[in-house]
Novice: 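Take this structure, written in structure tokens, and hold onto it; I'll ask about it next.
Every value quoted in this text rests on a predicted model; they were computed, and no experiment measured them.
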Amino acid sequence: MSPRPSSVKGLGQARSPSLVMAPDTCCSGAALKRRLPVLAWLPDYSLQWLRLDFIAGLSVGLTVIPQALAYAEVAGLPPQYGLYSAFMGCFVYFFLGTSRDVTLGPTAIMSLLVSFYTFREPAYAVLLAFLSGCIQLAMGLLHLGFLLDFISSPVINGFTSAASITIGFGQIKNLLGLQNIPRQFFLQVYHTFLHIGETRVGDAVLGLACMALLLVLKLMREHMPPPHPEMPLGVKFSRGLVWTVATARNALVVSFAALIAYAFEVTGSHPFVLTGKIAEGLPPVRAPPFSVTTDNKTISFSEMVQDMGAGLAVVPLMGLLETIAVAKSFASQNNYRIDANQELLAMGLTNVLGSLVSSYPVTGSFGRTAVNAQTGVCTPAGGLVTGVLVLLSLDFLTSLFYYIPKSALAAVIITAVAPLFDVKIFGRLWRVQRLDLLPLCVTFLLSFWEIQYGILAGTLVSLLILLHSAARPKTQVSEGQILVLQPASGLHFPAIDALREAMTNRALEASPPRSAVLECTHVSSIDYTVIAGLGELLMDFQKKGVALAFVGLQVPVLRTLLAADLKGFRYFTTLEEAEKFLEQEPGTQPCIIHEDAVPERRGSLLKSPSDP
């Protein structure tokens with residue numbers, strides 16, 4: 001397979017401006033292409049792109065089918081629901097997606113969230129997909145994607161690392177063939193070790209063999225680049241064969257395990273726990289369940305919403321976060337741009353339409369997106385091949401899925417989630433910013449107890465750190481006959497009390513009191529509370545018979561301070577001018593603003609302490 005042509009890079013660059021330009025009229029061509037990105041690249045579609053998209057879509061399809069079956073187990077749902085969730089995103093993203101690499105479908109983290117908030121009930125999972133999609137659509141239409149910026153990287157890393165352990169350990173029971181293990185993490189750990197003596201040898205051997213084979217094929221894939229056209233035919237064929245086998249490793253390993261299980265079943269031996277019967281055929285198209293009847297009791301829509309609780313906020317937000325993180329990562333690597341709000345619309349519509357075919361919430365998959373990019377996908381059209389392949393498997397192959405051993409699917413999940421645990425992040429944060437270890441550790445530890453508590457607590461800790469830096473900005477202090485204080489960041493209302501305290505302790509309570517300069521080069525904006533505090537500070541300096549001067553004020557800040565008409569306010573363009581003036585007897589002369597500093601106030605005089 002040849003690499004992506006250079007013109008493909010132009011595809012990303014050509015359509016990017018239409019995604020980020022300010023909107024024109026609602027009926028203009030630019031606005032239409034922004035809402036339907038397919039219109040930006042489809043007119044230039046070529047046969048070369050078709051070939052590469054077909055190969056990429058086929059590779060992703062062979063990856064997503066076994067993963068979908070496995071992730072349904074993580075979500076606590078029957079296996080067919082994983083396949084029901086794997087195809088709608090392929091078709092929606094063809095029209096609405098702004099990344100050529102991203103694939104939407106079931107993922108390990110989203111499946112874990114679904115299992116937590118839907119109580120292993122398919123009706124709850126489908127309704128959660130519908131409601132999550134509605135929330136995501138609303139966020140996209142209202143351009144609220146910026147809300148995700150308040151979830152910091154340490155919080156994300158803490159959650160994903162905890163999720164990788166939770167998901168991976170949750171599959172140990174299937175890997176070893178253990179039965180009746182609770183799903184709550186701490187109980188799961190306890191009962192797994194308690195019943196370790198009940199391990200089924202067949203499941204354990206097959207599961208460990210599948211894991212080893214998957215790891216070997218993954219290493220081969222990482223060290224085996226795609227073949228190039230200029231290679232000799234024999235080398236090109238052999239490398240292409242190895243590369244294809246390594247890329248489709250999940251499907252091949254699961255198929256191999258199913259053949260072994262089938263062979264044993266034919267002989268009457270049952271050494272493996274099998275996936276079992278899967279509902280055959282395509283899912284029916286119907287409205288999501290707004291009520292459900294269990295044990296002769298009808299649960300209303302409002303009761304279902306109350307039962308899902310915080311999941312209605314956590315699931316859509318984490319879905320968006322995962323999708324946009326994946327899209328931005330590959331857009332940066334491959335030199336094109338995405339529209340975050342358009343991604344919200346694509347994600348929301350995928351979940352809304354997916355709920356009509358019994359899908360649970362889906363998001364962007366990092367692993368399958370990597371496969372998509374590495375196989376040379378050129379446009380979102382590769383997703384069409386993936387979607388069709390999933391539909392064909394639902395229609396014709398579900399009877400064969402009966403023989404897939406659960407230990408083989410467990411091996412697929414464990415090898416897929418292991419890279420989510422980022423060991424190096426702890427060392428990086430320790431070297432770069434140790435304080436960020438606090439939200440990471442809080443999120444990591446609490447996520448084992450309750451997922452939403454971990455995310456919420458980590459986000460709150462991150463915000464507290466941010467607020468602390470705003471309330472106590474670092475200040476450079478120069479001691480001398482005249483005190484010079486330079487805030488390292490902006491001045492906002494939480495910081496004014498700390499600034500006044502520093503000025504009072506170092507200048508006014510000194511013996512004798514001394515004048516001071518506030519160097520404001522880094523201050524780009526101030527609010528009313530800061531202005532009021534500065535006014536009180538100027539009065540305190542006047543009472544002590546010393547002066548306070550300002551240096552380096554940016555024009556917008558200077559205009560605001562002039563409009564406040566603070567008594568005793570002095571401004572100088574350089575620190576040398578301010579120190580020279582303050583070394584004289586305070587109040588002997590006014591300070592004149594340079595005429596080019598504030599155009600609308602040219603020639604204005606600033607009041608000195610002796611002015612009435």
Novice: Can you confirm whether Gln188 sits close enough to Thr166 that some side-chain heavy atom of one is under 4.5 Å from a side-chain heavy atom of the other?
Specialist: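 They are not in contact (no side-chain heavy atoms under 4.5 Å apart), so the answer is no.
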Novice: Closer than 3.5 angstrom, by distance alone: can the side chain of Arg183 be matched with the main-chain N or O of Val74 as a donor-acceptor pair?
Specialist: yes
Novice: With heavy-atom distances below 4.5 Å as the criterion, would you say the side chains of Ile496 and Leu491 are in contact?
Specialist: no
Novice: Using 30° and 60° as the class limits, which term best fits the ring planes of Phe444 and Phe426: parallel, tilted or perpendicular?
Specialist: perpendicular
Novice: Is a side-chain donor or acceptor of Glu343 paired with a backbone partner of Thr98 at a separation under 3.5 angstrom?
Specialist: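 Side chain of Glu343 to backbone of Thr98, a donor-acceptor pair under 3.5 Å: yes, one is there.
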Novice: Closer than 3.5 angstrom, by distance alone: can the side chain of Gln184 be matched with the main-chain N or O of Leu187 as a donor-acceptor pair?
Specialist: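 Side chain of Gln184 to backbone of Leu187, a donor-acceptor pair under 3.5 Å: yes, one is there.
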Novice: Look at the side chain of Asn372 and the backbone N and O of Asp101, then say whether any donor-acceptor pair between them is shorter than 3.5 Å.
Specialist: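 It does hold such a pair.
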Novice: Between Glu501 and Arg472, does at least one N-O distance fall below 4.0 Å, as a salt bridge requires?
Specialist: no
Novice: Using 0.5 Å steps for rounding, measure from the OG1 atom of Thr192 to the CD1 atom of Ile172.
Specialist: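 One finds 7.5 Å between OG1 of Thr192 and CD1 of Ile172.
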Novice: Does any part of the side chain of Val557, heavy atoms only, come nearer than 4.5 Å to the side chain of Cys520, both counted from C-beta?
Specialist: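 A side-chain contact under 4.5 Å is absent here.
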Novice: Can you check whether Ile109 reaches Leu420 side chain to side chain, under 4.5 Å on heavy atoms?
Specialist: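 The answer is yes, as the side chains (C-beta and beyond) meet within the 4.5 Å cut-off.
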Novice: Is there side-chain contact between Leu558 and Phe569, with heavy atoms separated by less than 4.5 Å?
Specialist: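 They are in side-chain contact.
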Novice: Would you say that more than 12 heavy atoms from the other residues, nucleotides or ligands in this model lie under 6.0 Å from the CZ of Phe448, or not?
Specialist: yes
Novice: What closest approach, in Å, do Met347 and Thr363 show between heavy atoms, and which atom pair accounts for it?
Specialist: CE-CA, 3.5 Å
Novice: Mind listing the side-chain donor-acceptor pairs of residues 528-541 below 3.5 Å, one per line with the distance, residues two or more places apart or on another chain?
Specialist:
unit_1: Glu536; atom_1: OE1; unit_2: Arg500; atom_2: NH1; d: 2.4
unit_1: Asp540; atom_1: OD2; unit_2: Arg500; atom_2: NH2; d: 3.1

Novice: For the residue pair Phe169 and Phe185, categorise the inter-ring angle as parallel (less than 30°), tilted (30 to 60°) or perpendicular (more than 60°).
Specialist: perpendicular
Novice: Without hydrogens or angle criteria, can the side chains of Ser99 and Tyr336 be said to hold a donor-acceptor pair below 3.5 Å?
Specialist: yes
Novice: Would you list the atom pairs, donor with acceptor, under 3.5 Å between side chains in residues 133-144 and any protein atom, with sequence neighbours excluded?
Specialist:
unit_1: Gln136; atom_1: OE1; unit_2: Asn351; atom_2: ND2; d: 2.9
unit_1: Gln136; atom_1: NE2; unit_2: Pro316; atom_2: O; d: 3.2

Novice: If I take atom CG from residue Leu483 and atom CZ from residue Arg514, how far apart are they, to the nearest 0.5 angstrom?
Specialist: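 Rounded to the nearest 0.5 Å, the CG-CZ separation comes to 4.5 Å.
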Novice: Is any side-chain heavy atom of Asp422 closer than 4.5 Å to a side-chain heavy atom of Arg428?
Specialist: yes
Novice: Tell me whether Gln67 contacts the main-chain N or O of Thr107 through its side chain, where contact means a donor paired with an acceptor under 3.5 Å.
Specialist: no
Novice: Can you tell me how far apart CD1 (Ile425) and CG (Leu437) are? Round to the nearest 0.5 Å.
Specialist: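 If we round to the nearest 0.5 Å, Ile425:CD1 and Leu437:CG are 8.5 Å apart.
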Novice: Check whether the side chains of Thr103 and Tyr93 place a donor and an acceptor atom closer than 3.5 Å, and report yes or no.
Specialist: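 No, Tyr93 and Thr103 have no side-chain donor paired with an acceptor closer than 3.5 Å.
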Novice: So for atom CZ, which belongs to Phe366, do other residues, nucleotides or ligands contribute more than 12 heavy atoms lying within a distance under 6.0 Å?
Specialist: no
Novice: Within the supplied structure, the quantity of interest is the number of heavy atoms (other residues, nucleotides, ligands) at a distance under 6.0 Å from Phe119 CZ; does it exceed 12?
Specialist: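 Above 12, so yes.
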Novice: Using only atom types and a distance under 3.5 Å, with no angle test, would you say the side chain of Glu519 pairs donor to acceptor with the backbone of Leu485?
Specialist: no
Novice: Give the intermediate values and the outcome of side-chain contact (heavy atoms from CB on, under 4.5 Å) for residues Met110 and Val315.
Specialist: CA-CA 7 Å; Met110 186 55 63; Val315 169; 3.7 Å; yes
Novice: What's the separation between atom CD1 in Ile455 and atom CD in Glu450, rounded to the nearest 0.5 Å?
Specialist: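 The CD atom of Glu450 is 11.5 Å from CD1 of Ile455, to the nearest 0.5 Å.
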Novice: Nearest heavy-atom pair of Ala75 and Val114: which atoms, and what distance?
Specialist: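 The pair with the smallest heavy-atom distance is CB-CG1, 4.1 Å.
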Novice: Test Lys580 against Phe572 for side-chain contact (heavy atoms from CB on, under 4.5 Å), laying out the working first.
Specialist: CA-CA 10 Å; Lys580 182 178 180 181; Phe572 297 88; over 6 Å; no
Novice: Which distance, rounded to the nearest 0.5 Å, do you find between the OG of Ser525 and the NE2 of His492?
Specialist: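 Going from OG on Ser525 over to NE2 on His492, the span is 4.0 Å.
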Novice: Decide yes or no for Gln554 and Val523: does some side-chain heavy atom of the first lie under 4.5 Å from some side-chain heavy atom of the second?
Specialist: no
Novice: Applying side-chain contact (heavy atoms from CB on, under 4.5 Å), run through Leu312 and Val305 and close with a yes or a no.
Specialist: CA-CA 8 Å; Leu312 293 175; Val305 170; 3.4 Å; yes
Novice: Is there a side-chain contact between Leu175 and Met211, using heavy atoms and a 4.5 Å cut-off?
Specialist: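 In contact.
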Novice: For Gly458 and Thr443, work out which heavy atoms get closest and say how close.
Specialist: CA-OG1, 3.0 Å
Novice: Please name the pair of heavy atoms, one in Tyr360 and one in Ser111, separated by the smallest distance, quoted to 0.1 Å.
Specialist: OH-OG, 2.9 Å
Novice: Is the backbone N or O of Leu466 less than 3.5 Å from a side-chain atom of Ser469, with the two atoms forming a donor-acceptor pair by type?
Specialist: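 Yes.
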Novice: Whether the side chain of Ser478 engages the backbone of Gln476 through a donor-acceptor N/O pair (distance < 3.5 Å, no angle test) should be reported.
Specialist: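 Judged by distance alone, no pair lies under 3.5 Å.
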Novice: Look at atom CD of Gln481 and say whether more than 12 heavy atoms of other residues, nucleotides or ligands are closer to it than 6.0 Å.
Specialist: no
Novice: Can you tell me how far CG of Leu349 sits from CG of Leu344, rounded to the nearest 0.5 angstrom?
Specialist: 12.5 Å
Novice: So, does Thr118 use its side chain to make a donor-acceptor pair with the main chain of Tyr124 at under 3.5 Å?
Specialist: no
Novice: Mind listing the closest non-hydrogen atom pair of His522 and Pro487 along with its distance?
Specialist: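 Closest pair (atom of His522, atom of Pro487, distance): CD2-O, 3.4 Å.
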Novice: For Gly158, does its backbone N or O pair with a side-chain atom of Ser161 as donor and acceptor, under 3.5 Å?
Specialist: no
Novice: Identify the two heavy atoms, one from Thr459 and one from Val155, that lie closest to each other, and give their separation to 0.1 Å.
Specialist: N-CG2, 3.8 Å
Novice: Assess whether side-chain contact (heavy atoms from CB on, under 4.5 Å) is satisfied between Leu214 and Lys218, documenting all intermediate values.
Specialist: CA-CA 6 Å; Leu214 286 169; Lys218 181 181 179 182; over 6 Å; no
